[in-house]
Structures are given as structure tokens and as C-alpha cells.
Number of protein chains: 2
Amino acid sequence: MHSSPSASPRQWNTRALEKARRLKQIEGWLDEGALKSERIVDALEALIAPGDRVALEGNNQKQADFLSRAFAKVDPSRVHDVHLLISSISRPEHLSLFERGIARKVDFSFAGPQSLRVAQLLEDGLLEIGAIYTYVELYARMFIDLTPQVALICAVQADRHGNLYTGPNTEDTPTIVEATAFRHGIVVAQVNEIVDELPRVDIPASWVDVVVQADQPFAVEPLFTRDPRHIGELQILMGMMTLRGIYERYGVKTLNHGIGFDTAAIELLLPTYGASLGLKGKICTNWALNPHPTLIPAIESGWVDSVHCFGSEVGMENYIAARSDVFFTGRDGSLRSNRVLCQLAGQYGVDLFIGSTLQMDADANSSTVTLGRLAGFGGAPNMGHDPRGRRHSSEAWLALMKDTGPVSRGHKLVVQTAETYKKGGEPTIVDTLDAIAVGEKSGMPIAPVMIYGDDVSHVVTEEGIAYLHAAQGQEERRAALSAVAGVTPVGMRADPAKTAELRRRGIVAFPEDLGVRRGEAKRSMLAARSIDDLVAWSGGLYEPPARFRSW
Amino acid sequence: MHSSPSASPRQWNTRALEKARRLKQIEGWLDEGALKSERIVDALEALIAPGDRVALEGNNQKQADFLSRAFAKVDPSRVHDVHLLISSISRPEHLSLFERGIARKVDFSFAGPQSLRVAQLLEDGLLEIGAIYTYVELYARMFIDLTPQVALICAVQADRHGNLYTGPNTEDTPTIVEATAFRHGIVVAQVNEIVDELPRVDIPASWVDVVVQADQPFAVEPLFTRDPRHIGELQILMGMMTLRGIYERYGVKTLNHGIGFDTAAIELLLPTYGASLGLKGKICTNWALNPHPTLIPAIESGWVDSVHCFGSEVGMENYIAARSDVFFTGRDGSLRSNRVLCQLAGQYGVDLFIGSTLQMDADANSSTVTLGRLAGFGGAPNMGHDPRGRRHSSEAWLALMKDTGPVSRGHKLVVQTAETYKKGGEPTIVDTLDAIAVGEKSGMPIAPVMIYGDDVSHVVTEEGIAYLHAAQGQEERRAALSAVAGVTPVGMRADPAKTAELRRRGIVAFPEDLGVRRGEAKRSMLAARSIDDLVAWSGGLYEPPARFRSW
């Protein structure tokens, strides 16, 4: 032995002691175990120390907004230089934390609505970025080197013991709480109400330190609702090609759909075009997907065996509860979502990811980041890549195996869809992604690419499908993509002779090669053409938020 | 609208009704809410239907063995053709299920101790393999198309309400339970005892249907204990090279160690050789790792900031509880492990994976599967690959970036260690992996490769380090590997001139290139040289199982 343990006596439970010390300070503000709502700012000043890592729950759906508003009101002379861990910077007060000097550094995943302000604060030196993540990467680091000292989270209800009921939007909460609670961090939960008995327990009281009733129910965004009225004929054409040329060809039963009108079109084509192809029961049976309203007609038509969800969707609550054979629900009847487990399922348990993009380059790299906006990532990269830790086989996965001798493996179907031109007349398929300039301007170490081209197996445009996985080498991949890139700069470089060869070899397919007639790509093909139709399909169970109602 | 929902009336809660029907049948056998232990076989006959998917908890550590023994006793005329989902086929009764016709199909991850019998049953047509997975892939599919109708799991204690305390070995239980409970499957928990108050709640009663007290505490294997007496000088030499040539060079702070004597050597070199290099605080601060006893000296010497665990390790309980600043523990003081979250952390949250292998081919593909054994996988593939869904940067990850223009990304450090020859005199680095023949013989669609060569960034042997990530093209990768492959068939093909060039370019490093003196690689370099030393380092807190005690 080189040294004796007693040579360097050390206290090994400092985190637990510090937690106890802080909690002691708020004891006087508790009322039957719960923190008095009016003392929340005082409590946060007592519970959060300068330099702490604070996980503030706020993703693309639910927001611990009572706590974020209170947090932005603490005295910066008492609480400052906080390192904020947050999925989605989406509320004004998230950035007030930096303007007021309460927080200094941030690790985040997405900043859509607030991305311009993030860029400005960065330039002004008031905000420092640790790194930009996908959701689950950020949670992963909470178990490694970014364990929070304090987590500010939200739930629907708490009981008097501190057990929490999250309702359908369970989402990220259990993961953030687990990372914090089991390393002696302090878990503060805002709840809509405190009740005697919970419908079910989503998070045990053993993991929760402070419960406080919010002034109003926590905010939830209906982010996964797409009004079928906005689905155009090109999207329907692309959907038909995808069904024939990809779903039918590979027998895709397990899948994830990114959000967007392209994938909504596919969902609404299943009970119509899909049924006419005799594909019911052969494709699209098991999903990792939020409860998209546009999936209702396929569910009602008996296409869908199961749907596991990252989060919920406003207005879908009663429909989900009435379809418990399909959705993951608790004894109480409401959805149990779980972002980390659904991401796990979407990464390792399904054969196909399909999503649409705003920009794609000639190598099929794509990004939703556009000039001047430091948006960050959602969860698409976690599903939109070939998971190299996968070891089990399926028919669809094996179909993409390259012949590389005895040590070879399959590949996930990673499909990107894009109309070649955006509505504004700008090309979607470009020589250089805006993301590169955005990354450079913001001092990011690498460009914020959403899906890397070398992970993409198929690109679908209104011109056709490029079967990139079947192309031989980089040049042929580019030729295949340009063959379906229309009159974009990338498409103009297509060589007709090469395109003809690629079509013969099945590496490029135009609609006619797939037996898809352009003339059939009409809105009448959609199983629902309005939100109203979706409500009718649901038998009145789906209750769309007011903004989506037109009747 | 194409059809009206009322046209095809359908019952949408059949799963919940069926669950209620089955649970009703065992009502008479409950005593204060818990199932009478002596009725367990009857209860399983009532709760499990022919053709059900049954998740039986059994991983490389804990085993729901009371339930597996009872399950093997059910009447095959009542319960048959079950589809078994199990992490580790490791107990004799797991295979009795197939011999007796109770189960027919199995999806599994690992079958180390029982792999010969699995192969035999397969040949006899009594067992059908769905697929072979890593742990988390199998769980992923439980949320997609392999949701269990019944889960048989284990915990340390239950209270009268059915809340569960898993103790330090939380591991896979919450994930299996979540997949089952929220799709109206039946969760049966064996517990060591039923108590009035739990030390903490790991799984809420809302998720548990049946609690039964087991006849004896559930079995747990001490799988992560390595006796330092068996660490040889070549392993110490490799450890020293790894510390200088990889950990120090890239500043690796966040990491996962596979299990084995190679990595145990590294752990025991930190407080000695590592300290002499002035690396304390600069490397190896945050770990995704089971509580390896060989990490005790590094912890006691102040190297380690945090350890998040997949599972626990027998004998480490009191040590962990007394080091709560380092480990993730609950309010009760005991470890909270979680396999899925630690795998997530190991995949997305750390910069380095290092593990040893039994065989490697010239392209650095490696496998622990050897002839005649259908072992399956553990969790290594999930950490031992480049996670292409990663979007955040770190110094170490960026250091492996290839210059591929503006759209480029870093790479995880994926390190494989291997002595060029096994103790028996057989070469480790070979032309053809045994796994290929095993895969063919067993009718597997792809060979059971543990880590794919194209994911590997570095190979360490007693000869030196091959920096594969820096090699240009496949031929140069092979040359780099053969340069450190000693006198194996692969090593014999090394061209001395090419090796010299690779050393000049830093793509191959021999010990002297790294400032490592072979003569210093002595057992005296190890911070602990026996289990007894580890106990002393722990101040008597570590209590090794009897088989590891020699005093």
C-alpha cells in the first residue's frame, strides 16, 4: 500500500450535509409539508447558492413556469453565476436570468423562440454556452459531470407526502429528478394542486424535497398538432412515394415520425392509399411517437398496435384514455410518457426514422438551423442516425446491409424528406448549409448539423427517392441526390445519363418507377382534410386547442 | 372522410380487461394484499396465458430466482408457448422452461453460463431465438413491439401498499416495470421481506400488481470484483501506456471502464503512476461504472468526483453508503443504480470507453464469443461505439475530429485492450473471429461481433498503441494494428519500414515513444495488490464475498 486512508481525512457526505443545511432554512415557510406559495422567491434564494448547477424543467412541451418566473426574481446579490441546465430556452424569463446576472452559463438543447435573444446575450458577454445538446445527451451528462445541485420541475398534483402525479406529460421529469435526488441535490416541484390521493404516483415522495402550489397550471404547448388543411399535393405525392418505395419495400413495422406536414401526410394516407395497397397490418404497426392528432384515422382504422410517447399533446387526453390498448397509460387511464425511454425505443427499438428538413446539402447533411438563429437541437439526431450499438436484426434493418464480408451489419432506415423549394421560393437543397455560418458566427466548435448525410439512407423529394444506401461511393451518392433535387443548384448539376443509369439500378426512383401516379396525389387522398375531420374520426374525443378550431 | 368510426365498432381496452380478469383469479390467495408464497405456482398459472410475452428479471447481477423456480414448475398444459424476454439466461431453470414446453421463444442479451445448453435446445428444436440484443436494445423493444403481458421482477422490500425498495441493485427493474405496467401488463414482484416502512421508494405501488415474499433473498452475483493478485506485469505495462498515451494525451475526464484485469490495472495505477505524472484532477474524474472494488484506492486518494452505476457490487454496500459524495445514493444511504440511465450516460455523456477483448481481427473487430458458445452480448456495444446522435463537443471528442470540411464532427474514444497472446498460448489477434463460425452455425443473420473495428479509435497491446483514428484508409489502419500485434499471425505481417513510418507520424506508439519504461511495469506499481489491500484502503468498509477472501 502506498498511503494510508487515514493520512488524508476527508468528509465524504458534504453534499448531503449542504442539502440539509439549505432545507433547514425554509422550514419555517412550510405549511403542512408544502412550501407557502408566496415564499417561493425567498425559498429559491435559500436553496440555490452562487455557482450552482440548476436544472430548470422546460422542454418543447411543458414548462415549470411558476418556478422560472420566481427564479428570475431572486436577488442577484444572493444568487448569481448559476449554471443553467435547460432543454428548451423558450420563455422570456429564462433569459432575464442572464440579463439580471442570476445565471451566467447555460447548457441547452433548443432555443427556437428565444434564439435571437440568446445570440444577443452571447455577444454582450452576459451569457456563456457550455454546450448545445440533444435532450438525452444533456440528461446523460446530469449523471456524469453536470449533476444539478437544484432541480426546478413541475407536475400536475402532489399528495401530502410529496408523491407526484405528472399526468400525461411525464416527459423529462423522472430523469431530471433521479439525477438530482440521488446525488443529494434539492428537488423543488411546482404543482397545479395538492390533493389527498393521487390518481397514480409518477414520482415517489422519496425523491422530492419541496412541493409548492403554483399560481396557475403549468404551461404546455401543443407542438405536435398539424392542421391537415395545410397539407399540399406535393406532400401527398411524397407520402405516396414513401409508402410504396420505402415502407412497403422494406416492410417497415416499427418507426418514428418527426413532426411536420410531410409526415402528417403519410399518417393520413395510411387508411386510404395504404389500404388500397393492401398494407394494413404489414407496415406501421408499432410507433415511437407523440400522440399526433393526424394519427387518429390510422388508429381508428385498425392500423396501429402501439404508440409509445416522448410527451403528450394538448387536446388528445380523452382520446388517449379511451384507446388504452394502443397507448401506454396508467391505472388512472391517462398517458404515461417518458422522453428518455421513448428516445431509447426510437434509437434502438425501431427500424425507421423519417423527418423533414429546412435545408440539405449535396451530401445529404441537413439542418433546421437558419441564418441568424442559434436554435439548437430537439431530439431528431438521436433517432436520425444509424445506432451503431444495435446488435439485433430485423428484416428491414438487414435489407440495408452492405456486403462487406463476414463482419457486416444492417443499417437503420434514416429517411429525410424535403420539397426542393421552400414556399418563399428559396431552394431547400443547397451547396452550403446556413448552419455552417451560424456555427462559425457563434463560435461553436462544430457546425450545428441536425442529421449527418452519412447516416441518411434515403432522401425523398417531390421528384423522387434517392436510395443513398445503395450508391457506391461519395460521388454516386451525390449523383443520386442531385437526381431528385429538381432545379435547385444541386439538382441542376445532375447528369441525365447518370440519372438514367441510377434509375435502372434502382438507386433513384421517380414516381412512375414506383407505380405512383402524380395525378392521384390529391387532397382527396387524405383520410382527414381538416382538424374538424380529425375530431369526427375520434368520435369527439379529440379536443383541439382553440387556435386550431375553425368552426 | 373515407369511413366512419362507428362503421367498425371495436373494444379499445381489451388489455386492461384481460389484466383485471386474470388478477381476479388470484384474489383468494392474497393475505393482507400480498400473495401467499405457497400459492405462487398456482398464481403464475392464473396470471400467464399461453403465448404471452413474459419478461423475467435476470441480468448479470440480480435474479428473480424465486419466481423463475416457480415459473419452471407451472403445468405446461396450462401455460405453454411463452415468449421469454430475459437479459441473462444464467440459471438452470431458465432452460427448464423450454425443456418442459412452458416457453418456446426467447429474446435475450447474454447466456454466458448456459450458452452450451441454449445451443443444444436450439438444435433440438425446443427453443427458438427471436433475436440477441444488448440489454438496452431489448428494453427498447419492450416499448415498441415486445411489450410484456407479464413481468416477473425482484426487490429487497415491499411495504403493505406494494411500493418497492430495490436497494443498491435497482438496475433494470424500473424499466421493465414501466414497460409492463403502463401497457396493462401484470407486474409480479418477489421481495425478500414485507415491511411497514421502506427506507425509500424505488418503484411506486401504482406500478405493481402482485407482491410475494420469496423463500430466500434473491440471488446476486459479484461480477465486477477483480482480485489484484491476478494482475500481471503486461497488464500493468498496458495500463501505463494507456494513461500516458490516451488518458493524459486527450485529457479524458469522463469515462467508462469495461470489466477485466486490464482496466482494473488502470484503476490501481491512478494513485501511483498517475499521481507521479501529476494527472490527479486532470483525468478520470467522472465515471459511468459499476462500483468496482479496484476503484477504491483512486476514490480514497481523491481522484474521483462521481460514479454513476448500472448496478451494484456485492460487498461494496457499506463503502458506497459511506462515500455519498461520490456515488449516487438515496436518502436512506444506499446506492441507486439504473442500468438504462447509466447506459445513456455511458453512450452520450462520457468521452471514453475502454474494454478488453478475447479476440480481435486485423480490422479491429472484436468479440468475446468463442467457438461452441452462443454467449450473446452484455452492454459493451452500447458504450463501445461512436454515438452518432451526439451533438455536443468536448476537448477529447474534438481531438479525434477528421478534417472533412465544414461539416465534420468529433469521435468518441473507443479503446480496445488485448494482450497479443492468451494465457493458453493462443493468439488474441487473429485472421478470422470465432464469432463468424458461431454465428453461421447458430443460424444468426449476422456474426455476433461485440465491438466493430470501424468504431474503434485505439488498440492497446503490450507492444504499444495503434492510433487507428489517425490512420489514412483501411490499409493503413491494418498496418497500424499489425504493428502492435506482436508475433500473432496478424502481427507477423507487419512491415518494419511501414511501422517505423507510422511511429514517426504518431499513428503507432511503442512504450519508449510514450516515455513508459518497461522495467517500471511491476506489481509494486499497483496501489493495491490483493483484496486484503482493497479492504484496508476502504478502512474496513468493503466486505468482499467469501470466495475472494484469502485470509
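Scope of the values below: all heavy atoms of this structure, side chains included, with no hydrogens, waters or symmetry mates.
- The backbone N or O of B:Pro445 sits nowhere less than 3.5 Å from a side-chain atom of A:Ser393 that would complete a donor-acceptor pair.
- When only modelled atom types and interatomic distance are considered, A:Gln347 and B:Glu137 share no side-chain donor-acceptor pair under 3.5 Å.
- A salt bridge between B:Asp454 and A:Arg388 is present, with a side-chain N of the basic residue lying under 4.0 Å from a carboxylate O of the acidic one.
- For the pair B:Arg141 and A:Tyr348, the NZ or CZ position fails the cation-pi test of under 6.0 Å to the six-membered ring centre and within 45 degrees of the ring normal.
- When all heavy atoms are compared, the tightest approach of B:Pro204 to A:Pro204 is CG-CG, 4.1 Å.
- Using a 4.5 Å cut-off between heavy atoms, B:His392 contacts chain A through both its backbone and its side chain.
- If you tally non-hydrogen atom pairs under 4.5 Å between each of B:Ile451, B:Asn365, B:Leu341 and chain A, the highest count goes to B:Leu341.
- Taking 4.0 Å as the cut-off between side-chain N and carboxylate O, A:Asp455 and B:Arg409 count as a salt-bridged pair.
- When heavy atoms are compared at a cutoff of 4.5 Å, B:Thr285 does not approach chain A at all.
- Between A:Met401 and B:Ile446, some side-chain heavy-atom pair lies under the 4.5 Å cut-off.
- In this view, A:Trp207 and A:Phe182 satisfy the ring-ring contact (aromatic ring centres under 6.0 Å, His included) rule, not counting sequence neighbours.
- For the residue pair A:Asn13/B:Ser324, the side-chain donor-acceptor check at 3.5 Å is not satisfied.
- Proximity to chain A involves both the backbone and the side chain of B:Thr329, based on heavy atoms less than 4.5 angstrom apart.
- Interface check for chain B: of the options A:Ala345, A:Gly384, A:Ala16, the most heavy-atom pairs under 4.5 Å are formed by A:Ala345.
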Can B:Asn338 and A:Glu178 be said to form a side chain to side chain contact (heavy atoms under 4.5 Å, CB included), step by step? CA-CA 10 Å; B:Asn338 187 318; A:Glu178 181 156 349; 3.1 Å; yes
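- Counting only distance, with no hydrogens or angles, the side chain of B:Arg391 and the backbone of A:Val449 share a donor-acceptor pair below 3.5 Å.
- Heavy-atom contacts from other residues, nucleotides or ligands closer than 6.0 Å to CD of A:Gln474 number more than 12.
- Not a single salt bridge (charged side-chain N to carboxylate O under 4.0 Å, His left out) links B:Asp107 to another residue, sequence neighbours left out.
- Counting heavy-atom pairs closer than 4.5 Å to chain B, the top-ranked of the candidates A:Gly453, A:Ser306, A:Ala179 is A:Ser306.
- The shortest side-chain heavy-atom distance between B:Val407 and A:Ile436 falls under the 4.5 Å cut-off.
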Before you tell me yes or no, could you show the steps for B:Thr254 and A:Asp145 under side chain to side chain donor-acceptor pair (under 3.5 Å), namely the whole-Å CA-CA distance, both residues' side-chain angles and the distance that decides it to 0.1 Å? CA-CA 7 Å; B:Thr254 60; A:Asp145 56 345; 5.4 Å; no
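- In terms of heavy-atom pairs under 4.5 Å with chain B, the best-connected choice from A:Met450, A:Arg336, A:Arg15 is A:Arg336.
- Contact check for A:Leu344 versus B:Val340: side-chain heavy atoms found under the 4.5 Å cut-off.
- Of the two parts of A:Leu289, neither the backbone nor the side chain holds a non-hydrogen atom closer than 4.5 Å to a non-hydrogen atom of chain B.
- The two residues A:Ala447 and B:Pro406 make their nearest non-hydrogen contact at CB-O, 3.9 Å.
- Residue B:Ala380: no heavy atom, backbone or side chain, is found under 4.5 Å from chain A.
- Atom CD1 of A:Ile320 and atom CH2 of B:Trp12 lie 13.0 Å apart (nearest 0.5 Å).
- Only the backbone of B:Ala322 comes within contact range of chain A, with at least one heavy atom under 4.5 Å from a heavy atom of that chain.
- Counting heavy-atom pairs closer than 4.5 Å to chain A, the top-ranked of the candidates B:Val350, B:Val326, B:Asp386, B:Val307 is B:Val326.
- Neither the backbone nor the side chain of B:Ile296 comes within contact range of chain A, judged by heavy atoms closer than 4.5 Å.
- Here B:Asn286 is the residue among B:Leu198, B:Thr134, B:Asn286 with the most heavy-atom pairs under 4.5 Å with chain A.
- Side chains of B:Arg183 and A:His308 form no contact here, defined as non-hydrogen atoms less than 4.5 Å apart.
- Across A:Leu17, A:Thr432, A:Leu335, A:Asp209, the residue that shares the most heavy-atom pairs under 4.5 angstrom with chain B is A:Asp209.
- For the set B:Thr175, B:Ile203, B:Asp305, the count of heavy-atom pairs under 4.5 angstrom toward chain A peaks at B:Asp305.
- Looking only at heavy-atom pairs under 4.5 Å with chain A, the residue among B:Tyr133, B:Tyr452, B:Trp287 that has the most is B:Tyr452.
- Both the backbone and the side chain of B:Ile144 have a heavy atom closer than 4.5 Å to some heavy atom of chain A.
- Side chain of A:Ser206 to backbone of B:Val201: a donor-acceptor contact under 3.5 angstrom is found.
- Note: B:Arg331 leads B:Arg200, B:Arg331, B:His184 in heavy-atom pairs under 4.5 Å with chain A.
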